[in-house]
A.B. asks: 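Dropping a structure here in structure tokens format, bear with me for questions.
Keep in mind that this is a model prediction, so the values were computed, not measured. To find a chain, count down the sequence lines: A is the first, B the second, and so on, and within it residues start at 1.
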Protein chains: 2
Amino acid sequence: MCELLGMSANVPTDIVFSFTGLMQRGGRTGPHRDGWGIAFYEGRGLRLFQDPAPSCDSRVAELVQRYPIKSEVVIGHVRQANVGKVCLANTHPFVRELWGRNWCFAHNGQLTNFLPSPGFYRPIGDTDSEAAFCDLLNRVRTAFPEAVQEEYLLPVLVEACAHYRRLGVFNGLLSDGDWLFTFCSTKLSHITRRAPFGPARLKDVDVIVDFTAETTPDDVVTVIATEPLTEDETWHRHEPGRWALWRGGECVSEGHIE
Amino acid sequence: MCELLGMSANVPTDIVFSFTGLMQRGGRTGPHRDGWGIAFYEGRGLRLFQDPAPSCDSRVAELVQRYPIKSEVVIGHVRQANVGKVCLANTHPFVRELWGRNWCFAHNGQLTNFLPSPGFYRPIGDTDSEAAFCDLLNRVRTAFPEAVQEEYLLPVLVEACAHYRRLGVFNGLLSDGDWLFTFCSTKLSHITRRAPFGPARLKDVDVIVDFTAETTPDDVVTVIATEPLTEDETWHRHEPGRWALWRGGECVSEGHIE
């Protein structure tokens, strides 16, 4: 299994604090030694940092922790391999271009006997996660060769997630840089931070941050993770089957499947 | 205009030395202040480091210079913007998946009035370079929906390059992680280093490396750049219209178009 980290914010925000917590789970406080990755949208561009080495020892992870990259949408992942060997091509998040946008995806869970029919998008590595991402994009592209609004897109995403969930565990984060889509198959929690901001303490390492010093009163920042990252804040646990669409830190659409 | 850097080697080789020279041209010894990027293949995976900031001031470039990433195929670029604003989405190299492989491309030059017909691959940013890359992949995909050997692929690549060259300047580097394809429209030079290795001195910054200490007798490493990077070695200048395919540091196929 793996750990996921997502962020949606209404202003470019750095995620160093949450990332520092997540990275500890990559071999120090958690067993996820098989690589890590984090993607930061910057306009329509995407910065992707990845390493098949454990995040707690990674020089690239060290850079990301020291170099606050500000972004409105972030997707991060630390991996404990179950399907696919430990190598860069099997390291989340995965990225493909669709409709002239960068689509990015990370997965927690495992799909059993997942053999999607080949389509336009094809996996580069050999994980079930990347295969599911390609299948999902092939579904979207088949349904809509040209870009559509979220009201049309969401039913296709939700139906695909319902399908994957029947094959195993499928907690996932997906973004096109504008919105962040989350699906909870077994575990996902979020916290939305807004004024008045206060301090927070990481669970996995002795770090406290006072968000008052880091924010302005209008900032809205939602952080989503497989497990809560701080110990003195109230995280909202998602029910299995819950999906949500986030934009600018706010949940703009949500629903539930049985 | 921009500067290109490519490498093809028969063993995973670090390119820190050449990269250090190239980075100086990003605002120090050259005018290419509008971003830089470098892609390292690692198996079928690809590490991409990019920054729209000048390379000589970039913290990410600093990391890449201090952290020797070993790779058999590398594509690097420093940019001086002419088409498209300075932002991450317009920063070379560009990457797309085709046939389940990462394809990577960087361009030096400018194409005038380049408006390719829309196809499957679409530009994310607004450079002529990314538009040409998408057009090239659309041509390959249209000709060959499934992967083919290079003997079939090369005529499609060469014909596309001939077309782009008629529209302006098109020096380009393209790879699928296995081979490196180079096209010289106006300027491109290469050097193939093999035993006996000796020392070399960078043109752009006072750095000398003794490759004897860094290599084994069987290593073959070809470096390709728009302008020679060292001052005490003999670089081979490509004639305008020359294309070449490199694998494991060796030129395995080449040709010339008028």
Side-chain angles (χ1 to χ4, degrees), chain A residues 35 37 39-53 58-64 66-69 71 84-92 94-103 118-127 130-131 133-134 137-138 141 145-147 176-177, chain B residues 35 37 39-53 58-64 66-69 71 84-92 94-103 118-127 130-131 133-134 137-138 141 145-147 176-177:
Chain A
F40 302 85
Y41 282 95
E42 192 174 303
R44 302 183 84 162
L46 188 71
R47 283 179 193 279
L48 180 62
F49 296 96
Q50 291 178 310
D51 212 332
S58 164
R59 303 251 311 251
V60 186
E62 213 180 283
L63 169 88
V64 177
R66 279 183 298 132
Y67 179 33
I69 295 167
S71 177
K85 64 180 190 300
V86 177
C87 65
L88 188 61
N90 285 345
T91 304
H92 303 226
F94 303 103
V95 180
R96 291 291 188 282
E97 173 255 314
L98 169 62
W99 301 335
R101 304 286 298 234
N102 275 308
W103 289 54
F120 188 91
Y121 296 97
R122 300 197 185 167
I124 294 168
D126 50 12
T127 63
E130 191 192 11
F133 176 44
C134 292
L137 293 183
N138 285 328
R141 185 149 205 144
E146 300 295 326
D176 77 340
Chain B
F40 303 86
Y41 282 94
E42 192 174 303
R44 300 182 85 163
L46 187 70
R47 284 180 193 278
L48 181 62
F49 295 96
Q50 291 178 312
D51 212 331
S58 163
R59 303 251 312 251
V60 185
E62 211 181 285
L63 168 88
V64 177
R66 277 182 301 133
Y67 179 33
I69 296 166
S71 177
K85 65 181 189 299
V86 177
C87 65
L88 189 61
N90 284 345
T91 305
H92 304 225
F94 303 103
V95 180
R96 292 291 187 282
E97 172 256 314
L98 168 64
W99 301 335
R101 305 288 296 235
N102 277 307
W103 289 55
F120 188 90
Y121 296 97
R122 299 197 187 168
I124 293 168
D126 50 13
T127 62
E130 191 192 12
F133 177 43
C134 291
L137 293 183
N138 285 328
R141 184 147 206 147
E146 301 294 326
D176 77 340

A.B. asks: With sequence neighbours excluded, what pairs up with B/Thr127 under the side chain to side chain contact (heavy atoms under 4.5 Å, CB included) test?
C.D. replies: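 Listed in chain order: B/Arg79, B/Asn90, B/Phe94, B/Ser129, B/Glu130.
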A.B. asks: Is it the side chain or the backbone of A/Pro118 that comes within 4.5 Å of chain B heavy atoms, both, or neither?
C.D. replies: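 Neither part, no heavy atoms under 4.5 Å.
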A.B. asks: Using a cut-off of under 4.5 Å on heavy-atom pairs, state which of B/Leu48, B/Val60, B/Val95 scores highest against chain A.
C.D. replies: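 Looking at each of B/Leu48, B/Val60, B/Val95 in turn, B/Val60 comes out on top.
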A.B. asks: Do you know which of B/Arg101, B/Arg47, B/Gln50 has the most heavy-atom pairs under 4.5 Å to chain A?
C.D. replies: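 Most pairs with chain A among the choices: B/Arg47.
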A.B. asks: Give the minimum heavy-atom separation between B/Ala131 and B/Pro123, together with the two atoms involved.
C.D. replies: CA-CG, 3.9 Å
A.B. asks: Between A/Phe49 and A/Ile69, what is the shortest heavy-atom contact and its length?
C.D. replies: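 Looks like CE1-CD1, 3.5 Å.
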A.B. asks: Taking only residues two or more places apart in sequence, or in another chain, which ones meet A/Phe133 in a ring pair (Phe, Tyr, Trp, His ring centres under 6.0 Å)?
C.D. replies: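 A/Phe105.
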A.B. asks: Given a strict heavy-atom distance threshold of 4.5 Å, which part of A/Leu98 is in contact with chain B: side chain, backbone, both, or neither?
C.D. replies: neither
